[in-house]
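Since the structure comes first, as structure tokens, the remarks are kept for the end.
All ligand and atom numbering here is 1-based and tracks the order in the structure. Quantities reported herein were computed from a predicted structural model and do not represent experimental measurements.
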Amino acid sequence: MNLDFLNESQRQAVLMTDGPVMILAGAGSGKTRTLVARIQYLLEEKRVSPYQILAVTFSNKAAREMRERLAVNTSVNVGTLQVTTFHAFCAKVLRMEATYLGLSKNFTIYDDGESQSIIKAILTKRGINQKELSPYTVAAFIDGLKNLGYYMGLARNADVEKYAEDKRLFDIFMEYEAELHRSNAVDFGGLITGVLNLFRSYPEVLQKYQQKFKYVLVDEYQDTNRAQFDLILQLSQTHRNLCVVGDEDQSIYSWRGADIRNILDYESVFPEAKLIKLEQNYRSSKKIIEAASEVISRNLARKGKQMWTDNDEGEEIRIVECRDDKAEADFVGQQIRHLVQEGVSLKDIAVFYRNNAHSRTIEDALRKEKFPYRVVAGIKFYDRKEIKDMISYMRVVVNKKDSLALTRIINTPARGVGATSLRKLEDEAVRLQLSLFELLEKIVESPAEFKHLSLSGKVQSAVYQLVHLIQEVQVLETQNHSPSFSYEKLLNESGYYEVLRADKSYEGAARLENLEELMSAIKQFEDSENEPNMVKFLETITLDTTVSEDGSTDQVSLMTVHGSKGLEYPYVFLIGIEENIFPSYKSLEVGPVALEEERRLFYVAMTRAMKQLTITFAQSRLLWGSIKFNGPSQFLHEIPAQYYRWDFFQTGSKKAQFDNYSQSYDDWDQSNHSSDDQVFYKEKVYQTKKAVANLSNYPSGSKIVHALYGEGTVLDTEGLGQDEKVTILFRDGVRKKFMVKFAPLQKA
Ligand SMILES: Nc1ncnc2c1ncn2[C@@H]1O[C@H](COP(=O)(O)OP(=O)(O)OP(=O)(O)O)[C@@H](O)[C@H]1O
Ligand SMILES: [Mg+2]
């Protein structure tokens, strides 16, 4: 195999096939390329069987891309390669070995929403007020435990104890786990801990997998959590052929339990590990690379590394100040039109934003310009009500212990099984230790035995029909009919389709469209699988956050910055780069550690761009129903002036304020919006008034917290209502004056 397409260090990393190797290197230095080349080399030169290689990456999209690259470059049937995500890999192992853990093969994977439903039910049962202990807190606790690799039956350690501030949490955790087990279900975190549990309890199973996967490779290593670390460690304990690649400057998932210790501990677990650095960036222009390096150099918590590139100087980064969020979206739409006129194809263009919610304005603008686009991991298609409903039907078909899914559809569409009847059924199922569906089956078999439930005739016939439908589809499944065939049957015979068709509203029509889209998703899945079945389909959609990508790939890509990790595009728009948005309000509140993570995220965003990077922000923005004047992000101050060009759109520029940093953002301002009589603008003014009316006053002497400056004391106030201004003394002796209505203030 010719390795000329790699540089010297990359080649070294490929050639050291045996023993532990860690590549720590900056964005765009070819880490993923090297990883793929290594797999190719193992296959072609070392004659390693594809069955012996396990490559893990962070998203389905990334895994798919890796497989595609291998398919192009090698003659290996990539279908036989395990290039996958941690979750998908563990789901597969658990399905194979389900019986060891008392699960059945067809277990359901619960997403976060479903986990929360279970938690809520437990809290209610225990009479715990959700205001006092929120389901969210419990979910975060459980997730935290699982990220650490903790599962039931394991002795608690110091790490774990740290989490249990509230004694009740552990009890709730146990009950939650028992409930999942009863439902033959596993949550996301449980996929990983389930495998850890399996490996610990059955060393022979672990041994089997250790022998099977002789080579383990992990991309985006900086974002693995402790449980995932344990998992790969166990798998590679004996052969030690573990290759991890990552970049600590791109660690952006600490809130999901990613653990920087994994990088440090790697070296102590594998003292013989070869460390490889890659310093040349092949992705971006000089300007982009240098600017991004300057920004990330502000972080204290980093190892620090040099990056350089042979690429062209490139054009300056464009920072564009827009009048408001709508103008910002129009600007992006217009710029994309210009690019297309110059012959750029849409697939080379991406728009990134900090939060999913910011995609909407851009979507509107792109629709107006008639540019096709796809939202990657957006408001998830599979989270929509009608989709979840139909998926619940399928879940009951494949797993009759999935009572949660059944309660979702037992009266959807309405068939007369009201809350009281459902309650009765649930109680009875608990009493008989059956799942809800098993109970319904019994009722259908011998109604006489259930007289004491005094179910109405209507409920009985509804139950009868539902059970029959599900059973019929179960039979279809065993006969290997296609999932799309079953789906159609469920859709029609459940009455769901009919109800939506009768609904003449706009929403009704949109729902039908979504259900058709689901049909296309199933068909697409069938085309891509050798032996498609419903269990596999459900697994794919639960683990895959990518909205169905159709074949025509010439589309603009829209995604959050988190979702953009590992990707690259010639033209990148980074929108909404305002203080309180990016960095987020939350991170400003939490402090320097969180701010560093935001900066890493910003660094990830910048380093996706190959040729052109455009950063936009809006002078004013409608957010959660009120108008905000956030001002440009502090990260923009961190880009040295020689790397950018400042433009403005539909507005006069306030750059002078920006340049005079000491003058504080909070005067960023309010004044002289061009007297524009658009309805849209009036609407905003109205919204502002409403928001201002709700603002409380800050009498002098009161303690406040400012989103950017932290804690302070109000020294003086002047003006009232709209015009209220306060002078605040901050802890380090700085005095500042703010307009109350625009400053991000809170009472301490
Ligand atoms: N030796 C090389 N010669 C030419 N191009 C290269 C070389 N190495 C990497 N590239 C190209 O540089 C770009 C970035 O590579 P890659 O995506 O592997 O970087 P990465 O380190 O994984 O980046 P990230 O940290 O963003 O995941 C890709 O387009 C890749 O094809
Ligand atoms: Mg990469």
Quiz item: Hey, is ligand 1 close enough to L6 that some N/O pair sits below 3.5 Å?
Solution: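 Checking ligand 1 against L6, no N or O pair falls under 3.5 Å apart.
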
Quiz item: Is K31 in polar range of ligand 1, meaning some N or O pair under 3.5 Å apart?
Solution: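 Between K31 and ligand 1, an N or O pair is found under 3.5 Å apart.
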
For [atom], what is the nearest protein heavy atom, given as residue, atom name and distance?
{"atom": "atom 17 (O) of ligand 1", "value": "R283 NH2, 3.1 Å"}
{"atom": "atom 1 (N) of ligand 1", "value": "Q10 OE1, 2.8 Å"}
{"atom": "atom 3 (N) of ligand 1", "value": "Y282 CE2, 3.4 Å"}

Practice problem: Test D249 against every option in R298, K305, R599, K565 by the salt bridge (charged side-chain N to carboxylate O under 4.0 Å, His left out) rule and name the one that passes. | Solution: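 Only match with D249 under salt bridge (charged side-chain N to carboxylate O under 4.0 Å, His left out): K305.
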
So, [X] and [Y]: side-chain donor and acceptor under 3.5 Å apart, yes or no?
{"X": "Q10", "Y": "E8", "answer": "no"}
{"X": "Q40", "Y": "T74", "answer": "no"}
{"X": "N262", "Y": "T224", "answer": "yes"}
{"X": "E363", "Y": "Y373", "answer": "yes"}

Quiz item: Quick one: which of R354, Q634, K586 gives a side chain to side chain donor-acceptor pair (under 3.5 Å) with E598?
Solution: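 Looking at R354, Q634, K586, the match for E598 under the side chain to side chain donor-acceptor pair (under 3.5 Å) is R354.
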
Quiz item: Sorted by chain and residue number, which protein N/O/S atoms are under 2.8 Å from the Mg ion (ligand 2)?
Solution: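 As for protein N, O or S atoms lying under 2.8 Å from the Mg ion (ligand 2), they are T32 OG1.
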
Exercise. Determine, for R226 against D265, whether the closest basic-nitrogen to carboxylate-oxygen distance falls under 4.0 angstrom.
Key: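 Counted as a salt bridge, because a side-chain N and a carboxylate O are separated by less than 4.0 Å.
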
Does [X] have a heavy atom less than 4.0 Å from any atom of ligand 1?
{"X": "K565", "result": "no"}
{"X": "D247", "result": "no"}
{"X": "S29", "result": "yes"}

Quiz prompt | Nearest neighbour of atom 9 (C) of ligand 1 from the list E8, R33, Q280, on a heavy-atom basis | solution =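 Among E8, R33, Q280, the closest heavy atom to atom 9 (C) of ligand 1 comes from R33.
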
Quiz prompt | Closest to atom 26 (O) of ligand 1 among M610, R608, E568 (heavy-atom distance) | solution =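 Nearest heavy atom to atom 26 (O) of ligand 1 lies in R608.
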
Proximal atoms of ligand 1 relative to [X] (non-hydrogen, under 4.0 Å):
{"X": "G30", "value": "8 (N), 9 (C), 15 (O), 16 (P), 18 (O), 19 (O), 20 (P), 21 (O)"}
{"X": "N7", "value": "1 (N)"}
{"X": "F5", "value": "1 (N), 2 (C), 3 (N)"}
{"X": "G566", "value": "27 (O)"}
{"X": "G26", "value": "21 (O)"}
{"X": "E220", "value": "27 (O)"}

Quiz item: Should the ring pair Y569 and F352 be called parallel, tilted or perpendicular, given that the plane angle runs from 0 to 90° and is split at 30 and 60?
Solution: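 Rings of Y569 and F352: perpendicular, as their planes differ by over 60°.
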
Self-check item: More than 12 heavy atoms of other groups within 6.0 Å of K277 NZ
Solution: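 No, NZ of K277 has 12 or fewer neighbouring heavy atoms, counting only those of other groups under 6.0 Å.
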
Self-check item: Greater than 12 external heavy atoms within 6.0 Å of Q306's CD
Solution: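 No, CD of Q306 has 12 or fewer neighbouring heavy atoms, counting only those of other groups under 6.0 Å.
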
Quiz prompt | Contacts of type side-chain hydrogen bond (donor to acceptor under 3.5 Å, both in side chains), residue D219, not counting sequence neighbours | solution =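 Here the qualifying residues are T32.
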
Quiz item: Who pairs with N241 by side-chain hydrogen bond (donor to acceptor under 3.5 Å, both in side chains), at least two apart in sequence or on another chain?
Solution: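 Residues passing side-chain hydrogen bond (donor to acceptor under 3.5 Å, both in side chains) with N241: none at all.
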
Practice problem: Output all residues satisfying side-chain contact (heavy atoms from CB on, under 4.5 Å) with D310, sequence neighbours left out; order by chain, then residue number. | Solution: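 With neighbours one apart ignored, the set is Q280, W308.
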
Exercise. With the side chain counted from C-beta on, respond yes when I192 and K146 share a heavy-atom pair under 4.5 Å apart, and no when they do not.
Key: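 Counting from C-beta outward, I192 and K146 never come under 4.5 Å.
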
